[in-house]
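Worksheet: the structure to be examined is printed underneath.
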Number of protein chains: 2
Amino acid sequence: MPTPDRTSLPAIVEAGCDLLELGGPSRVTMQAVAERVGVRAPSLYKRVRDRDALLQLVADATVDALRARVAASDGSLPGLARAYRAFAHARPEGFRLMYAIGTSTEALERASVPVLRAARELVGADRALDEARLVTAWVTGFVSMELAGAFRLGGDVDAAFDYGLARLSAGIAPHDVDGQPPASSRPGHTLPAHGS
Amino acid sequence: MPTPDRTSLPAIVEAGCDLLELGGPSRVTMQAVAERVGVRAPSLYKRVRDRDALLQLVADATVDALRARVAASDGSLPGLARAYRAFAHARPEGFRLMYAIGTSTEALERASVPVLRAARELVGADRALDEARLVTAWVTGFVSMELAGAFRLGGDVDAAFDYGLARLSAGIAPHDVDGQPPASSRPGHTLPAHGS
DNA sequence: ACCTGAACACCGTTCAAGT
DNA sequence: ACCTGAACACCGTTCAAGT
């Protein structure tokens, strides 16, 4: 005889996200998550394979929240980059987790669409993928280092961010980079409809 | 009556590094480390406060190994960046750990000296710090994304790396970036002898 | 002074028994 | 069908007792 469910997968993932920001990965224990959703630890295994799978779901949910935040920006390169950085500041543990364990392909694809569009605007379709990777790599590294405390001594970190943004926002026409054609315009290469 | 030591702190840290690369942080347990250096787990607490402190030492040792590898490059910006990336490929778990838990200030300072020098060469002393941060952020983010599997679909990742390198190697003269003076040349700011 | 076995608390996970 | 207490294996950490 079925009894009404006392919890749900979304509730479990949300509890995982909350605990993660509260005290890092070590705080998201099966027991703590279970208590937060009003159930005992063994019950979680009805909805989630194990703790690693739960962390994976938390990482995927974080990527999707990042996608939503970035998509809500004005779509310009500085707007995208600032939204990305603001998200990382708001949810540092989630951000770290994304790159600590990776995320699903689909989530990443969707998240990088706006960056690809901005990159195409800036340098053209041929170089859009390479350019998108340049920009996302820079923002990712910048906030990773920020969060890790790698910008500890001196200098104005916000100003350093603006500097990088200005450097990368300066678009380039073909063969401004060097004597060779850009990677993405090599024979046989077309821009796939996917992520950075 | 003192008895000869059966292990040492360096041996413990090395065992931690080895186990880390072998199976990620979850594999560096006190028991596994102890077994590797030939003692029982409780003995480790004579040299290390707890497991977190051990992981911190492993992270610091990794930064120093990175510093040595980068310092052995030709000192050019592409040479530095390629050495950095090669290190991350060789010791992915150690690289991840560096940014997962941060590292000591001194280790970071020493590691970033060559990058600062190359940056000064490229854009001048005023902008050296900002430029060094731009470059290190980019490489860091690039390999982080690589290791996290964020470059999953299509495109040539090596070519994307060369593209970013070419973009960033193109130095800029003053006021090429935008209408404002660079962040590092604002009043009261001088280039500190420290890290990126 | 360093090392160890024994012990304790805590966590992930399984499973038979409940409803 | 979902939930639970009990149980097991494993890990971090402490400590009294050895040498």
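Computed from heavy atoms alone, side chains included, the values below leave out hydrogens, waters and symmetry copies. Per chain, numbering begins at 1; letters A, B, ... match sequence-line order.
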Chi angles and distances behind the side chain to side chain donor-acceptor pair (under 3.5 Å) call for B:Tyr84, B:Thr140: CA-CA 8 Å; B:Tyr84 190 100; B:Thr140 297; 2.7 Å; yes
Do A:His89 and A:Arg85 have side chains that get closer than 4.5 Å, going by heavy atoms? yes
Tell me if the centroids of the rings in A:Phe161 and A:Phe142 come within less than 6.0 Å of each other. yes
Distance under 6.0 Å and angle within 45° of ring axis: A:Arg133 vs B:Tyr163: no
Give a yes or no answer on whether the side chain of B:Asp60 reaches the backbone of B:Ser104 with a donor-acceptor pair at less than 3.5 Å. yes
Rounded off to whole Å, could you give me the CG-to-P distance for the A:Leu9 and D:dA1 pair? 18 Å
So, the side chain of B:Arg167 versus the backbone of A:Leu168: is there a donor-acceptor pair under 3.5 Å, distance only? yes
Can you give the dot-bracket line for DNA chain D, using ( ) for pairs inside the strand, [ ] for pairs that cross earlier ones, | for pairs with another strand and . for unpaired bases, where Watson-Crick and G-U count if both distances are under 3.5 Å? ||.|||||...|||||.||
Treating primed atoms plus P, OP1 and OP2 as sugar-phosphate and everything else as base, which nucleotides of nucleotides 2-12 of chain C get B, S or - for protein heavy atoms under 4.0 Å? SSBBB----BS
Could you tell me whether a side-chain N or O of B:Glu21 sits under 3.5 Å from a main-chain N or O of B:Glu93, the two making a donor and an acceptor? yes
Side chain of B:Arg110, backbone of B:Ala107: donor and acceptor closer than 3.5 Å? no
